[in-house]
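Here's the structure, in structure tokens; my notes come after.
All values below come from the heavy atoms of this structure, side chains included, with hydrogens, waters and symmetry mates left out. Along the sequence shown, residues carry numbers from 1. Owing to the predicted nature of the structure, the values given are computational and were not obtained by experimental measurement. Just so you know, ligand 1 is whichever comes first in the structure, and atom 1 is the first atom listed for that ligand.
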Amino acid sequence: MQLATTDTGSGPSLVLLHGFPLDRTIFDHQTQVLARHYRVIVPDLRGLGASPPTEGVYTMTTLADDVLETLDALGVTGPFVLGGLSMGGYVALELAARHPSRLRALMLMASRADADRPEAAANRRALAAKVIEARSTEPVIDAFLPRVLGESTKQHRPELVAHVRTIMQGASLLGVVGCLNGMAERANHTDTLQGIKVPALVLCGEEDPIAPISDCRAMTQSLPQGRLEVIAESGHLITMEQPESTTNAMRGFLDGLSA
Ligand code: MLT
């Protein structure tokens, strides 16, 4: 599937993949700043944002194939820098495992390399079933909104909480169900990390329970050219909770690639 995509700026290609149940606007700050020096390509993943939903399970392979089809249509043939936040990182690792020659560098943001444990996978499938039964994505918003934002944000920034809720409300019912079931069956890419020979930046929110610092550190150590940066006073959604420091970390890494 060709995805609804923002394609802006010029220079080396940078592709950014958003998390669940979100859309490309989580990268608005990064897109605006980095497009001064890079061609920034930011799709909405299948069934989320403005990309249409389909029936069925959205495996990470399906989502990675959508990204490649979209890049082909945009004429991006050479290696690109690939960044993914959380579920976007799961998709990025799938793409890295299958098409290593396409990568110039990798950025894993608030993400993980391992698969769901059986209980976590069962919880996701149960949540997907609840969404279908309720004919509403509200159960997912209720479950994810408190998880993706850090304590600092929840306590002091009600307008950002409301904004993220609005983004989540844009996710289609089929899209939410497809992604939940897809994440539940995703592969364990812990062993993939050591085969990723390109430079890799791991970004981690200080207050993130989904991808905690200890796990991000372990991932970084497995990456041959891994580098870890912790974003202070942020939960999972680093690109929105701390846009400036996240963009600066990305900019430093990207500029270092061409130095
Ligand atoms: C995300 O932000 O994409 C999700 O929290 C990922 C997950 O639930 O594992």
Side-chain angles (χ1 to χ4, degrees), residues 3 16-27 30 42-49 51 57-60 62-64 66-67 82-95 107-131 137 139-150 153-154 160-161 163-172 175-190 202-213 215-216 219 231 234-242 246:
L3 303 167
L16 298 175
L17 307 179
H18 63 79
F20 172 86
L22 300 162
D23 67 21
R24 66 186 131 159
T25 63
I26 70 162
F27 292 118
Q30 293 72 36
V42 198
D44 282 335
L45 297 173
R46 183 184 290 236
L48 302 174
S51 288
V57 178
Y58 302 178
T59 64
M60 299 303 105
T62 303
L63 297 180
D66 286 346
V67 172
L82 180 60
L85 185 139
S86 200
M87 184 181 78
Y90 310 157
V91 178
L93 276 178
E94 192 65 36
L95 200 151
M107 292 188 284
L108 293 173
M109 297 172 250
S111 198
R112 321 183 48 87
D114 53 359
D116 276 357
R117 296 216 175 86
E119 193 190 323
N123 287 342
R124 284 201 208 270
R125 293 194 173 101
L127 187 55
K130 201 166 163 187
V131 165
T137 60
V140 167
I141 298 172
D142 289 346
F144 277 81
L145 189 60
R147 287 180 74 213
V148 302
L149 296 171
T153 299
K154 283 188 277 196
L160 181 55
V161 178
H163 181 48
V164 175
R165 173 180 280 280
T166 305
I167 295 175
M168 290 184 169
Q169 284 168 337
S172 68
V176 160
V177 169
C179 289
L180 281 170
N181 287 325
M183 284 192 283
E185 65 176 63
R186 74 182 187 279
N188 182 348
H189 279 302
T190 312
V202 176
L203 288 180
C204 172
E206 190 183 27
E207 303 169 9
D208 183 2
I210 301 175
I213 297 177
D215 292 3
C216 289
M219 243 178 9
I231 305 296
S234 181
H236 188 58
L237 206 40
I238 52 174
T239 55
M240 296 186 81
E241 290 181 75
Q242 294 297 344
T246 301

(request) Would you sort out whether L63 and L95 count as a side chain to side chain contact (heavy atoms under 4.5 Å, CB included), showing the intermediate values? (result) CA-CA 9 Å; L63 297 180; L95 200 151; over 6 Å; no
Quick one: nearest non-hydrogen protein atom to [atom], plus distance?
atom: atom 8 (O) of ligand 1; value: R124 NH1, 2.9 Å
atom: atom 9 (O) of ligand 1; value: Y90 OH, 2.5 Å
atom: atom 4 (C) of ligand 1; value: S86 OG, 3.3 Å
atom: atom 3 (O) of ligand 1; value: F20 N, 2.7 Å

(request) Could you tell me whether the side chain of R165 reaches within less than 4.5 Å of the side chain of D142, counting heavy atoms only? (result)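 With C-beta onward as the side chain, the pair touches.
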(message) Show me which atoms of ligand 1 lie under 4.0 Å from any heavy atom of M87.
(response)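 In order of numbering, the contacting atoms are 1 (C), 3 (O).
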(request) Provide the number and element of each atom of ligand 1 under 4.0 Å from a heavy atom of G19. (result)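 In order of number, 3 (O).
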(request) State whether the shortest distance between N or O atoms of I210 and N or O atoms of ligand 1 falls below 3.5 angstrom. (result)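 Checking ligand 1 against I210, no N or O pair falls under 3.5 Å apart.
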(request) Decide whether an N or O pair under 3.5 Å exists between V148 and ligand 1. (result)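 No; every N/O pair is 3.5 Å or more apart.
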(message) Which heavy atom of R112 sits nearest to which heavy atom of Y90, and what is that distance?
(response)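 In terms of heavy atoms, the two residues are closest at O-CD2, 3.5 Å.
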(message) Could you report the tightest heavy-atom contact between R124 and A184, atom names first, then the distance?
(response)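 Shortest heavy-atom contact: CD-N, 3.9 Å.
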(message) Working to the nearest 0.5 angstrom, can you tell me the gap between L203 CG and Q242 CD?
(response)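 Going from CG on L203 over to CD on Q242, the span is 12.5 Å.
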(message) Just to be sure I read this right, does ligand 1 sit under 4.0 Å from the backbone of R112, its side chain, both, or neither, counting only heavy atoms?
(response)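 The answer is neither; R112 stays 4.0 Å or more away.
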(request) Check the pair L22, V164 against side chain to side chain contact (heavy atoms under 4.5 Å, CB included), reporting the backbone distance first and the verdict last. (result) CA-CA 8 Å; L22 300 162; V164 175; 4.1 Å; yes
